[in-house]
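One structure is given below, encoded as structure tokens.
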Protein chains: 2
Amino acid sequence: MSDPTGFAPHDHHACVSTALAAAEAACAERGARLTPLRRRALEILLESHKALGAYDLLERLAAEGLGDKPPVAYRALNFLTEQGFAHRIERLNAYVACSHPDAAEGHGAAFLICRDCGRVAEALADKAPLGADAQDAGFTVEDAVVEARGLCPQCQSGAGA
Amino acid sequence: MSDPTGFAPHDHHACVSTALAAAEAACAERGARLTPLRRRALEILLESHKALGAYDLLERLAAEGLGDKPPVAYRALNFLTEQGFAHRIERLNAYVACSHPDAAEGHGAAFLICRDCGRVAEALADKAPLGADAQDAGFTVEDAVVEARGLCPQCQSGAGA
DNA sequence: TAGCACTCTGTTATAACGTAACGGCCACGC
DNA sequence: GCGTGGCCGTTACGTTATAACAGAGTGCTA
């Protein structure tokens, strides 16, 4: 398993710029267009390791004059998730930037969600969960989400956020 | 791993009555009240192995004169999920009856969701997924959801629903 | 250079999902 | 009787998401 980044102290500035650079490189390679709007949306998601609701993102974008109608936010988020630069957290109806921009596209993702501070760490699920069960049932898994809620180290030790 | 019921042909009548009996027994034991409304909501969920939206359930209830306002459906669903008689499928914003009413309360659930016919099979996740990752991060998992989307055996063989 | 195709963005309107809050009803126990 | 607590009915609203169409920019090509 890989390290689930997000809770441990880290060089967040580097974390952001690495992700942005990876996104730019991936877009160049794939012919996708990381427009100013999309890039800014990704930057906003990258600012913290918390999940951001579509309307929260929209509010941030609107404050910068980048669009203030829901479809603007949803289109940007669709682009980012399709390209693998962000993930949707189903339990929160919210979105986080991908912590593993270098990983294979469409990698199986697993999330650790702190119910106290709201931060989300992403682990790479390198083996499909449910593999045995699915096979038993003759089910073909195309895409799996794993979302765990609990307490991160800081919040366990009473540090709050 | 246990068998993920729901896709394979089975005696659905028995499936329904077993689940209802288990719910009644559990309520009796816990002092919870399986009122007519709640019981009927559970029956409706049990009618198929598909996930039902809260508003779909409400429509069904309303057709029987059992309440036609959103809170009615949500309260029944909250009761059923709290008691472990039903589960919420986050990816679908929808609810399914529990296929393992005999299992430990609050068991870790994992779902196989057919994207073609919409049926949902439930497997018991007897070991916490993410255990290793969570431990690496010092994260305490309280509750995890696993939801896989794909194709069930029938839909793979072109049978549709 | 005019016309076309394509993609991205702007906007309106509405659908779908979910909940807060209050009041009434009923059963139960004292 | 009378309070208590749980359930249900209702109003009103908040949050999340999408369909559909209009406009702007770019690049191709004939």
Side-chain angles (χ1 to χ4, degrees), chain A residues 23-24 27-28 30-42 44-45 50-83 85-96 113 118 145 147, chain B residues 23-24 26-42 44-45 50-83 85-96 113 118 145 147:
Chain A
E24 273 172 1
C27 282
R30 296 172 201 164
R33 293 170 55 191
L34 191 63
T35 63
L37 176 60
R38 292 167 173 174
R39 184 192 164 94
R40 187 65 193 125
L42 178 55
I44 289 170
L45 288 184
K50 299 188 185 179
L52 213 55
Y55 281 72
D56 294 328
L57 171 63
L58 181 57
E59 199 175 329
R60 298 288 308 274
L61 291 172
E64 303 176 20
L66 283 168
D68 60 346
K69 304 296 193 305
V72 171
Y74 283 102
R75 281 194 290 238
L77 288 167
N78 283 345
F79 174 83
L80 296 175
T81 53
E82 273 166 15
Q83 298 294 324
F85 304 151
H87 301 287
R88 176 178 166 83
I89 308 296
E90 300 288 347
R91 295 184 82 159
L92 304 178
N93 294 333
Y95 305 79
V96 280
I113 306 160
V145 302
E147 296 177 3
Chain B
E24 273 170 3
C27 283
E29 187 184 337
R30 295 173 204 163
R33 294 169 55 190
L34 191 62
T35 63
L37 176 61
R38 292 167 173 177
R39 185 192 163 92
R40 187 64 194 124
L42 178 54
I44 289 169
L45 288 183
K50 298 187 184 178
L52 214 54
Y55 281 72
D56 295 328
L57 171 63
L58 181 58
E59 198 176 330
R60 298 287 309 274
L61 292 172
E64 304 177 19
L66 285 168
D68 61 343
K69 305 292 191 307
V72 171
Y74 282 101
R75 282 195 288 238
L77 288 167
N78 282 346
F79 174 83
L80 296 175
T81 53
E82 273 167 14
Q83 298 293 325
F85 305 150
H87 301 288
R88 175 177 166 83
I89 307 296
E90 300 289 346
R91 295 184 82 160
L92 303 177
N93 294 334
Y95 304 80
V96 281
I113 305 160
V145 303
E147 296 177 2

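A quick note: this is a predicted structure, and the numbers were derived from the prediction, not measured.
Within the 3.5 Å criterion, the main-chain N or O of L66(B) finds no donor-acceptor partner in the side chain of R40(B). Proximity of a side-chain donor or acceptor of R88(B) to a complementary backbone N or O of T81(B) within less than 3.5 Å is not detected. The main-chain N or O of E90(B) is found under 3.5 Å from a side-chain atom of E147(B) such that the two form a donor-acceptor pair.
Shortest non-hydrogen contact noted between R60(B) and I44(B) is CB-CD1, 3.7 Å. Across L80(B) and R38(B), no two heavy atoms sit closer than the pair CD2-O, 4.0 Å. Pairing each heavy atom of A73(B) with each of L58(B), the nearest pair is CB-CB, 3.8 Å. Nearest heavy atoms, I89(B) versus A51(B): CG1-CB, 4.3 Å.
Phosphate proximity of dG18(C) to R88(B): present, with a side-chain N or O under 4.0 Å from OP1 or OP2. The phosphate of dT9(C) (OP1 or OP2) has no side-chain N or O of R40(A) nearer than 4.0 angstrom. When the side-chain nitrogen and oxygen atoms of R75(B) are compared with OP1 and OP2 of dC7(D), none of them lie within a distance under 4.0 Å.
Proximity note for R33(B) (side chain, C-beta onward) versus dG6(D), dA17(D), dT18(D): the nearest is dG6(D). The side chain of P70(A) lies closest to dA17(D), out of dT11(C), dG9(D), dA17(D). Taking the side chain of R38(A) as heavy atoms from C-beta on, and the options dT9(C), dT11(C), dC8(D), the nearest nucleotide is dT9(C). The nucleotide whose nearest atom lies closest to any side-chain atom of K69(B) is, among dT11(D), dT9(C), dG18(C), dT11(D).
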* Asked: Between R30(A) and Q83(A), does a side chain to side chain donor-acceptor pair (under 3.5 Å) hold up when you go through it step by step?
  -> CA-CA 9 Å; R30(A) 296 172 201 164; Q83(A) 298 294 324; 2.6 Å; yes

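If you measure from atom CG of L52(A) to atom C1' of dT16(D), you get 14 Å, rounded to the nearest angstrom. Residue E59(A) contributes atom CD, which lies 11 Å from atom P of dT15(D) at whole-angstrom precision. Rounded to an integer number of Å, the gap from CG of L57(A) to P of dT15(D) is 16 Å. Between the CD atom of Q83(A) and the C1' atom of dT7(C) there is a distance of 14 Å, rounded to whole Å. Atom CD of E64(A) is separated from atom P of dG10(C) by 13 Å (rounded to the nearest Å). Note: CZ (R91(A)) to C1' (dC17(C)) measures 18 Å, nearest angstrom. Going from atom CG of L61(A) over to atom P of dC8(C) covers 17 Å, rounded to whole Å. The distance between atom CG of N78(B) and atom P of dC7(D), rounded to the nearest whole Å, is 12 Å.
Between P71(A) and D56(A), the residue anchored closer to the 5' end of DNA chain D is D56(A), taking for each the nucleotide with the nearest heavy atom. The nearest heavy atom of DNA chain D to L66(B) and to N93(B) marks one nucleotide each, and the one closer to the 5' end goes with L66(B).
Using five terminal pairs a side, the axes of the helix from dT1(C)-dA30(D) to dC30(C)-dG1(D) at its two ends make an angle of 10°, given in steps of 10 degrees.
Across all strands shown, F79(A) has no heavy atoms under 4.0 Å from either base or sugar-phosphate atoms.
Here Y55(A) does not pack flat against the base of dT15(D), since the 5.5 angstrom centre distance and 30 degree tilt limits are not both met.
For Y74(B) and dA20(C), a side-chain-to-base donor-acceptor distance below 3.5 Å is absent, hydrogens and geometry of angles not being considered.
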